[in-house]
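Take a look at the structure below.
As the structure is a computational prediction, the values presented were derived from the model and not from experiment. Index from 1, following the sequence. Computation of the quantities below employed the complete heavy-atom set of this structure, encompassing side-chain atoms and omitting hydrogens, waters and symmetry-equivalent molecules.
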Amino acid sequence: MTAFSHANQADETLSMRVPFRSAWELKTLFAQLGLDFRIVQITAGELFGSFELGGHPDTPVFSIRTNQGLLFEGDRRPNATPIALEHTNSLDLHRVRGEVVGQHCIHGFNRFVTESFFQISPGAYSSFALLNSDRLVKLLVEAGDDQLFETMESANSVAVNHELFQRMQSLIQCNPSTDPALHQDLLLTAVLECLHPEQTTVLHDGELTQGAGLMKELLTWGHSNPTKVIKLEDLTRYIFASRSAIVQNCRVMYGMGPMALLKQIRLGQVQHALSQPLVQRQIGCTNVQSIASYYGFTSRNHFARDYRQQFGEAPSQTLQANAVPGMVSQPVSVAQMPQIAIARR
């Protein structure tokens, strides 16, 4: 990964664009923003994506472009109120806390929701802003409008009119044409306007439905047990749900069965290990067969087929590409990305 277009210390503008080729590379980028997310590639094929950062250090804005469906779950950043929207009409797999996403919608702002759980579709161009919660609350108090507080406490997704949505689209950009301080003020003002009951239609309150909660439990179990291969009958005892409930909700939300989702998670762990010599040392496995076996893949042929189908290359190619001197993919440190170091202050 190579970051380019560093932060301008004089006007405190954040500016960076980084390509990513795997879910774990994107996870590393999120970590630099103080976001500990678990990310799964949920559609098959070679992944091509880009992560772009911009805006003001106090209100960083970032976007994700991806040709594959991605699933995200993790804790929100303290003292940051997220705002998210989708620029395209690629919404087939979009979900926010288990709910289907429509056009002209913004999400994520509920003050009482402490963790994120969402997914984006292949072909997505999704933008996010991390608003300073203290500053946002101060503006709400100054506005003296209890209805705005009520919206932020009772809703997490709203639909707005086309004009307001276009305005939000233009403001949640990584390289605004205005100066960063003015851009921050304009963005906060636009958010308050979008959240006013006279301008919005509340779509969802942010509470997980029973089915969405079940799927979040399934995802958590998979990430907590990446080396375990389990039967569906046994899984029902771990997450306390019926076989039919698990299968039906998983197909509706993720477009696949639960066993396929758990295999996707394990394949992602294999890809990470093949790409990271440090992980190989930690698990005591240094070749494709031993790494695959560590994550529960016992059939060499089936594993190789599944891996190639999921990631568009053979596992040996992943291992070899990251074993060549000078080509080892390393997590990007804050020191290497001063613009993200500013964003975390």
Side-chain angles (χ1 to χ4, degrees), residues 22-24 26-27 36-45 47 66 68-76 91-102 107-108 110 113-122 124 156-157 203-272 292-299 302-303 305-307 309-311:
S22 66
W24 70 264
L26 183 57
K27 173 182 170 65
D36 183 15
F37 279 10
R38 290 165 288 279
I39 305 175
V40 183
Q41 180 182 330
I42 56 173
T43 57
L47 174 60
T66 174
Q68 298 294 346
L70 299 172
L71 169 63
F72 302 77
E73 187 267 325
D75 293 331
R76 293 185 175 182
L91 299 169
D92 290 348
L93 289 182
H94 267 59
R95 301 286 187 277
V96 174
R97 304 188 67 74
E99 298 296 317
V100 174
V101 173
H107 316 273
N110 190 296
V113 174
T114 59
E115 30 72 38
S116 295
F117 179 40
F118 65 96
Q119 60 196 61
I120 59 179
S121 309
N156 191 63
S157 295
L203 300 176
H204 191 246
D205 60 9
E207 289 291 326
L208 293 177
T209 63
Q210 184 176 5
L214 180 62
M215 290 302 95
K216 191 171 182 296
E217 286 184 42
L218 174 63
L219 186 65
T220 300
W221 190 91
H223 281 294
S224 300
N225 300 274
T227 63
K228 291 184 179 179
V229 180
I230 190 172
K231 294 181 179 179
L232 181 56
E233 290 75 12
D234 297 324
L235 183 63
T236 62
R237 295 194 291 271
Y238 281 105
I239 61 176
F240 306 105
S242 69
R243 177 189 179 111
S244 60
I246 295 173
V247 172
Q248 180 179 357
N249 283 286
C250 197
R251 290 196 180 281
V252 169
M253 189 173 299
Y254 303 132
M256 67 184 79
M259 297 299 99
L261 176 66
L262 294 178
K263 184 165 69 173
Q264 304 283 61
I265 293 173
R266 291 189 292 118
L267 284 170
Q269 294 293 327
V270 172
Q271 184 189 43
H272 186 193
S293 296
Y294 181 84
Y295 289 104
F297 295 96
T298 55
S299 170
H302 288 170
F303 162 72
R305 179 202 62 197
D306 291 341
Y307 188 95
Q309 181 179 3
Q310 180 67 10
F311 302 121

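Within the 4.5 Å cutoff, side-chain heavy atoms of L235 are placed close to those of L262. Contact annotation: the side chain of V270 never approaches that of Y294 to less than 4.5 Å [non-hydrogen atoms, C-beta and beyond]. L47 places a side-chain heavy atom less than 4.5 Å from the side chain of T66. Looking at V40 and L219, their side chains come closer than 4.5 Å, going by heavy atoms from C-beta outward. Side chains of S157 and E99 form no contact here, defined as non-hydrogen atoms less than 4.5 Å apart. The shortest distance between side-chain heavy atoms of L232 and V247 falls below 4.5 Å.
Few gaps surround NZ on K27; more than 12 heavy atoms of other groups in view lie less than 6.0 Å from it.
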- L267 and Y295: side-chain contact (heavy atoms from CB on, under 4.5 Å), yes or no, with the steps? CA-CA 8 Å; L267 284 170; Y295 289 104; over 6 Å; no

- Can you list the steps and then say if I42 with M256 is a side-chain contact (heavy atoms from CB on, under 4.5 Å)? CA-CA 9 Å; I42 56 173; M256 67 184 79; 3.9 Å; yes

- Applying side-chain contact (heavy atoms from CB on, under 4.5 Å), run through L203 and V101 and close with a yes or a no. CA-CA 9 Å; L203 300 176; V101 173; over 6 Å; no

- Message: Please evaluate residues Q264 and Q41 with respect to the criterion side-chain hydrogen bond (donor to acceptor under 3.5 Å, both in side chains), reporting the C-alpha separation (whole Å), side-chain torsions for both, the decisive distance (0.1 Å), and the verdict.
- Response: CA-CA 7 Å; Q264 304 283 61; Q41 180 182 330; over 6 Å; no

- Start with the C-alpha distance between T236 and S242, add both sets of side-chain angles, then the distance that settles side-chain contact (heavy atoms from CB on, under 4.5 Å), and finish with yes or no. CA-CA 6 Å; T236 62; S242 69; over 6 Å; no

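Checked by atom type and distance alone, the side chain of N110 pairs as donor or acceptor with a backbone atom of D205 at under 3.5 Å.
Partners of H272 under the ring pair (Phe, Tyr, Trp, His ring centres under 6.0 Å) rule, at least two apart in sequence or in another chain, are W24. Contacts of F311 classified as ring pair (Phe, Tyr, Trp, His ring centres under 6.0 Å), with partners at least two apart in sequence or in another chain: Y307.
Counting only residues at least two apart or in different chains, ring-ring contact (aromatic ring centres under 6.0 Å, His included) contacts with residues 225-266 comprise W221-Y238. Applying the side-chain hydrogen bond (donor to acceptor under 3.5 Å, both in side chains) definition to pairs two or more places apart or across chains, those involving residues 206-219 are E73-K216. Screening residues 240-254 for salt bridge (Lys or Arg N to Asp or Glu O under 4.0 Å), with sequence neighbours left out, gives E233-R243.
The structure places CD1 of I39 at 7.0 Å from CG of L70, a figure rounded to the nearest 0.5 Å. One finds the OG1 atom of T220 at 9.0 Å from the CD1 atom of I265 (value rounded to the nearest 0.5 Å). In this structure, CD1 in I246 is found 3.5 Å from CD1 in I239, a value given to the nearest 0.5 Å. In this structure, Q269 CD and N225 CG are separated by 11.0 Å, a value rounded to the nearest 0.5 Å. With values rounded to the nearest 0.5 angstrom, S22 atom OG is found 12.5 Å from Q68 atom CD.
With respect to the salt-bridge test (charged N to carboxylate O, under 4.0 angstrom), the residues D234 and R237 qualify.
When all heavy atoms of L208 and A212 are compared, the pair lying nearest together is CD2-CB, 4.0 Å. For P258 against L218, the heavy-atom pair with the smallest separation is CB-CD2, 3.9 Å.
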Pairs of donor and acceptor atoms involving the side chains of residues 113-122, under 3.5 Å and at least two apart or interchain, shall be tabulated with distances.
residue: E115; atom: OE1; partner: R97; partner atom: NH1; Å: 3.2
residue: E115; atom: OE2; partner: R97; partner atom: NH2; Å: 3.0
residue: Q119; atom: NE2; partner: L93; partner atom: O; Å: 2.9
residue: Q119; atom: NE2; partner: M253; partner atom: O; Å: 2.7
residue: S121; atom: OG; partner: S90; partner atom: O; Å: 3.4
residue: S121; atom: OG; partner: D92; partner atom: N; Å: 3.3
residue: S121; atom: OG; partner: L93; partner atom: N; Å: 2.8
residue: S121; atom: OG; partner: H94; partner atom: N; Å: 2.9
residue: S121; atom: OG; partner: H94; partner atom: ND1; Å: 2.8

